[in-house]
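When reading the values below, keep in mind they use all heavy atoms of this one structure, side chains included, and skip hydrogens, waters and symmetry mates. What you see is a predicted model; the values in this text were computed from it and never measured.
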Amino acid sequence: MSEKRENRRRRDSRRTQPPVKWVEKVIEVNRVTKVIKGGKKLSFRVVVVIGNNLGKVGVGIAKADDVTKAVQKAINNGRKNLIIIPLTNNKTIPHLTIGRFGASNVIIRPAAPGSGVIAGGSSRIVLEAAGIQNILAKRLGSNNLLNNAQATIDALKNLRTLKQIAKQRDLSLTHFYN
């Protein structure tokens, strides 16, 4: 009897948790054509950033004959490619990092509280969707929106916390504070 009660309690606790609000922002919509036997076939390529403002973010890319279908497919693709970012207490990243994708390079460094998001283009959209509020980013190389978004994601993937570094090096956390 108590097992049934426990299962019911678990189900009820799942219902009471507030649903996660996802931010979905379209970065780019491109008209692309494919040359086929009968002429040219027109379709749309969409790049979307999806994030929950709590440290999860992903970039999705999709093509379809209609823009709305392409956006929906890109959102689903972005959910499959979510990454988790370690954030500090003042809504910034723990350390400086560099991301590369194609010819695009992005340098991201933590900023003081109250600085805001100092970044441009698609890097800004990715960082805001992740929930980072104080950060400084510089885009180098290519101006391609998709490659810059992917380079930003690459930089955010390289972030590690002190706990992760200590575990990797087989050290205690007190070693870093002395």
Side-chain angles (χ1 to χ4, degrees), residues 13-14 16-29 46-62 71-72 74-178:
S13 70
R14 273 187 251 142
T16 57
Q17 293 174 349
V20 177
K21 302 234 176 171
W22 291 95
V23 176
E24 300 155 353
K25 293 187 180 180
V26 177
I27 292 181
E28 181 179 42
V29 178
V46 177
V47 180
V48 173
V49 171
I50 182 167
N52 68 350
N53 289 330
L54 297 172
K56 282 188 179 180
V57 69
V59 174
I61 311 153
V71 169
Q72 200 56 46
I75 289 168
N76 290 339
N77 184 262
R79 285 187 195 204
K80 291 177 189 173
N81 299 321
L82 285 175
I83 63 166
I84 299 170
I85 303 160
L87 296 176
T88 61
N89 292 339
N90 47 352
K91 295 285 188 175
T92 189
I93 58 175
H95 57 84
L96 180 136
T97 182
I98 297 172
R100 294 179 177 88
F101 190 87
S104 296
N105 296 318
V106 176
I107 299 171
I108 301 174
R109 66 171 25 144
S115 299
V117 178
I118 303 169
S122 55
S123 297
R124 179 184 198 88
I125 296 169
V126 171
L127 296 170
E128 286 177 346
I132 301 171
Q133 293 176 357
N134 302 307
I135 198 156
L136 194 143
K138 178 65 181 163
R139 179 184 74 194
L140 303 168
S142 174
N143 291 332
N144 186 323
L145 292 173
L146 171 60
N147 285 356
N148 282 315
Q150 295 281 28
T152 306
I153 290 288
D154 181 53
L156 294 174
K157 276 184 191 175
N158 296 335
L159 291 173
R160 295 182 298 171
T161 61
L162 273 179
K163 272 187 182 177
Q164 291 169 333
I165 294 168
K167 186 177 179 184
Q168 188 178 18
R169 296 181 187 175
D170 292 328
L171 299 171
S172 66
L173 277 175
T174 56
H175 177 78
F176 291 104
Y177 295 115
N178 291 336

Look at the side chain of [X] and the backbone N and O of [Y], then say whether any donor-acceptor pair between them is shorter than 3.5 Å.
X      : Y      : answer
Asn81  : Gly60  : no
Asn52  : Lys21  : no
Asn134 : Gly114 : yes

Identify, with sequence neighbours excluded, every residue that meets side-chain hydrogen bond (donor to acceptor under 3.5 Å, both in side chains) alongside Thr88.
Asn90

If I take atom [atom1] from residue [X] and atom [atom2] from residue [Y], how far apart are they, to the nearest 0.5 angstrom?
X      : Y      : atom1 : atom2 : result
Ile93  : Arg109 : CD1   : CZ    : 9.5 Å
Ser104 : Leu140 : OG    : CG    : 9.5 Å
Asn143 : Asn148 : CG    : CG    : 7.0 Å
Ile85  : Leu159 : CD1   : CG    : 7.0 Å
Leu82  : Lys56  : CG    : NZ    : 6.5 Å

Of all residues at least two apart in sequence or in a different chain, which pass the side chain to side chain contact (heavy atoms under 4.5 Å, CB included) check with Asn144?
Ser142, Leu146, Asn147

Counting only heavy atoms from other residues, nucleotides and ligands, does the tally under 6.0 Å from NZ of Lys25 exceed 12?
yes

Determine, step by step, whether Ile50 and Arg79 satisfy the side chain to side chain contact (heavy atoms under 4.5 Å, CB included) criterion, reporting the C-alpha distance in whole Å, the side-chain angles of both residues, the deciding distance to 0.1 Å, and the verdict.
CA-CA 7 Å; Ile50 182 167; Arg79 285 187 195 204; 3.2 Å; yes

Looking at every non-hydrogen atom in both residues, tell me the closest pair between [X] and [Y] and how far apart they are.
X      : Y      : result
Asn158 : His95  : O-CE1, 4.0 Å
Val59  : Asn77  : O-OD1, 4.0 Å
Thr161 : Gln164 : N-OE1, 2.9 Å

Go through Ile132 and Ile108 one step at a time and tell me if the side chain to side chain contact (heavy atoms under 4.5 Å, CB included) criterion holds.
CA-CA 11 Å; Ile132 301 171; Ile108 301 174; over 6 Å; no

Partner of Lys157 under side chain to side chain contact (heavy atoms under 4.5 Å, CB included), chosen from Ile84, Thr97, Ile83
Ile83

Pairs of donor and acceptor atoms involving the side chains of residues 121-131, under 3.5 Å and at least two apart or interchain, shall be tabulated with distances.
residue : atom : partner : partner atom : Å
Ser122  : OG   : Leu145  : O            : 2.9
Ser122  : OG   : Ala149  : N            : 3.3
Ser123  : OG   : Thr152  : OG1          : 2.9
Arg124  : NE   : Glu128  : OE2          : 3.3
Arg124  : NH1  : Val117  : O            : 2.8
Arg124  : NH1  : Ala119  : O            : 3.0
Arg124  : NH2  : Val117  : O            : 3.4

